[in-house]
Number of protein chains: 2
Amino acid sequence: MNVAITRPIVIDPYGTAHPCATCDARQASICNAIPDADLARLASASVGGIAKSGTTFINEGDPASAFFNVTSGIAKLYKLLPDGRRQITGFVGVGHFLGLAVSDTYSFSAEAIDTVRYCRFSRARLREILDDFPLMEQCLLKVASSELVAAQEQMLLLGRKTARERVASFLLTQSRLGSACQNPSMRFELKMTRADIGDYLGLTVETISRNMTKLRTVGAIDVADNTTIVIRDRPALEGLADGTRQGP
Amino acid sequence: MNVAITRPIVIDPYGTAHPCATCDARQASICNAIPDADLARLASASVGGIAKSGTTFINEGDPASAFFNVTSGIAKLYKLLPDGRRQITGFVGVGHFLGLAVSDTYSFSAEAIDTVRYCRFSRARLREILDDFPLMEQCLLKVASSELVAAQEQMLLLGRKTARERVASFLLTQSRLGSACQNPSMRFELKMTRADIGDYLGLTVETISRNMTKLRTVGAIDVADNTTIVIRDRPALEGLADGTRQGP
DNA sequence: CGGTCACTTGATCGTCTTCAATACCAGTGG
DNA sequence: CCACTGGTATTGAAGACGATCAAGTGACCG
């Protein structure tokens, strides 16, 4: 169940800043396109909310009445087939903007992996903001474009890569996430379960598990406590990810 | 080889209209966001071009110096793995806008299936146009959003659907294309080869072929001269596309 | 006519799935 | 403290689906 609060609590001892001014997500999100002077408008157009781990806060097929901007936590986006088969289309974190669908209903569901905080904009209010700040619309277009590129990359993975290559690719992209996109971290945490990874890569839990241990035995990675991954041999992992290098 | 001509030839006996005014693609494309009065600006910002069947007019990895708007013909977009495995990410036709990638290089290749005519905008010129006509940027965002929705649907197909379901889904989406999106046509032509369909659905030519004949033998479709498809039993085909109905 | 190309159909093979058993950990309550 | 539970991950054995390999057809074309 979603618990909507009026606004994320922000410490503002001097009473001068708007919530958006001190928002952790601002740097990473489209809100950055709004100048400081106009943050009040932005703040008044949105409502804060929380989705606890495991709760679904966007439901495929529901009327798409609002847009979300994630301010903390991680969520998974997915689509379902009538018989329950699931495809996770992405994992989204801080600064991610949700709801770009043009249609009148959501084309995907979103479920919180850990506690997710977000700002919620109604369709109409966001339209007003976008009309007033064309820079924000430009920013949205950039975001959509780069997501499109990522989606195409994922199609290549799902359509043409082997299980081994998929897992290696996944670990590499995950390693590039947190670390400010530069000098990808050698050690990182997987917040999602193996089942989630499977539904993201079009594989089963067992196949994920088998290939993780395989990558470990060939010395490409190291796994600690099941969630912490250490990349031991990045070139090897990259080779395994695009088929350049065959596994032994 | 691409043959670039200065501008698509347009019959304009009175010398009043700009090429864009009589462009077949305008209705279906983002150019529709430009008012008639300003078509001269639009026309002067682009250069017409032709790509003959089989020629590649966008190359993955090349500097993304230009954007394309398809005015006639059909092209396939694809990505390659180092060893030659190919994933077609989409087929694009009249009115489709190409090059939404934000990065400095193209993230995909584009090859003409039949003769493709297009208008080519340099990055800089398009930016100018977009700055002057925010409606066009809005339109681009809508386009990008709907492509994103389509991409997610394709991920579901590639990650979780069986070969049968993929082929059925593909035929259904193809049937919805030409016919103005309403009352999907019962009869339509597949312009692409089985190999292309295979690379689009993450399958091999043989699997495409086998499942086409299977769909024919169960009475869902009819195939004439290999390129013409007739949908005989749409509900059955829809059931086979999402796993609701099992094949006999 | 020989050549190529696209498509179809058949037989065999391999990868990933499915089914099943086990281990592990955290939380709960006796 | 230990037994019990539910969720998660690993590993093994059997099975299925699609890939691969191979052959054959028909259309088009120089």
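Values in this document were obtained by computation on a predicted structure and should not be read as measured data. The chains referred to below are lettered A, B, ... by the order of the sequence lines, with proteins before strands, and numbering in each begins at 1.
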B:Asp196 and B:Arg86: salt bridge (Lys or Arg N to Asp or Glu O under 4.0 Å), yes or no, with the steps? CA-CA 9 Å; B:Asp196 287 341; B:Arg86 183 177 69 156; 2.9 Å; yes

Please list, chain by chain and in numerical order, all residues satisfying side chain to side chain contact (heavy atoms under 4.5 Å, CB included) with B:Ala150, sequence neighbours excluded. none

Spacing between [X] atom [atom1] and [N] atom [atom2], to the nearest angstrom:
X: A:Asn211; N: C:dC16; atom1: CG; atom2: C1'; answer: 9 Å
X: B:Arg194; N: C:dT8; atom1: CZ; atom2: C1'; answer: 10 Å
X: A:Lys214; N: C:dT15; atom1: NZ; atom2: P; answer: 11 Å
X: A:Met212; N: D:dT11; atom1: CE; atom2: C1'; answer: 15 Å
X: A:Leu190; N: D:dT8; atom1: CG; atom2: C1'; answer: 14 Å

Counting only pairs under 3.5 Å, give me each side-chain donor-acceptor contact of residues 151-159 of chain B, with atom names and distances, residues two or more places apart or in other chains.
from, atom 1, to, atom 2, distance (Å)
B:Glu153, OE1, A:Lys79, NZ, 3.1
B:Gln154, NE2, B:Tyr200, O, 3.1

Assess the residue pair B:Thr71 and B:Arg26 against the criterion (side chain to side chain donor-acceptor pair (under 3.5 Å)); give the C-alpha distance rounded to whole Å, side-chain angles, the decisive distance to 0.1 Å, and a yes or no. CA-CA 8 Å; B:Thr71 55; B:Arg26 188 177 170 214; over 6 Å; no

I'd like to know if the side chain of B:Arg166 reaches the main chain of B:Leu203, judged simply by a donor and an acceptor atom lying under 3.5 Å from each other, with no hydrogens or angles considered.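 Judged by distance alone, no pair lies under 3.5 Å.
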
Distance-only donor-acceptor test, A:Arg210 side-chain atoms vs C:dT18 base atoms, 3.5 Å: yes

NA contact type, B:Ser209, heavy-atom cut-off 4.0 Å: base, sugar-phosphate, or nothing?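 Answer is base: heavy atoms of B:Ser209 come under 4.0 Å of a base.
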
Applying a 4.0 Å non-hydrogen cut-off, can you work out what B:Thr193 is touching in the nucleic acid: base, sugar-phosphate, or nothing? sugar-phosphate

Identify, between B:Glu206 and A:Val205, the residue whose nearest nucleotide on DNA chain D lies closer to the 5' end. A:Val205

If every non-hydrogen atom of A:Leu237 is compared with every non-hydrogen atom of A:Ala220, which pair is closest and at what distance?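 Scanning both residues completely, I find the closest heavy atoms to be CD1-CB, 4.0 Å.
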
Can you check whether [X] has a side-chain N or O nearer than 4.0 Å to OP1 or OP2 of [N]?
X: B:Asn226; N: D:dG26; result: no
X: B:Thr207; N: D:dG18; result: no
X: B:Thr204; N: D:dG18; result: no

Parallel, tilted or perpendicular: ring planes of A:Phe67 versus A:Phe97, cut at 30 and 60 degrees: parallel

Side chain of A:Thr213, heavy atoms from C-beta onward: which of D:dT20, D:dT10, C:dT18 has the nearest atom to it?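 My answer, after comparing the listed nucleotides, is D:dT10.
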
Considering only heavy atoms, which members of residues 196-203 of chain A lie under 4.0 Å from some atom of DNA chain C?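 Within this stretch, A:Gly202, A:Leu203 sit under 4.0 Å of the strand.
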
Strictly by salt bridge (Lys or Arg N to Asp or Glu O under 4.0 Å), give each pair with a member in residues 214-231 of chain B just once, sequence neighbours left out. B:Asp222-B:Arg232

Taking DNA chain D as the partner, which of residues 156-172 of chain B come within under 4.0 angstrom of it by heavy atom?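 Those residues whose heavy atoms fall under 4.0 Å from DNA chain D, taken from residues 156-172 of chain B in numerical order, are B:Thr162, B:Ala163.
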
Sequence neighbours excluded, every pair satisfying ring pair (Phe, Tyr, Trp, His ring centres under 6.0 Å) that has a member inside residues 205-248 of chain B: none

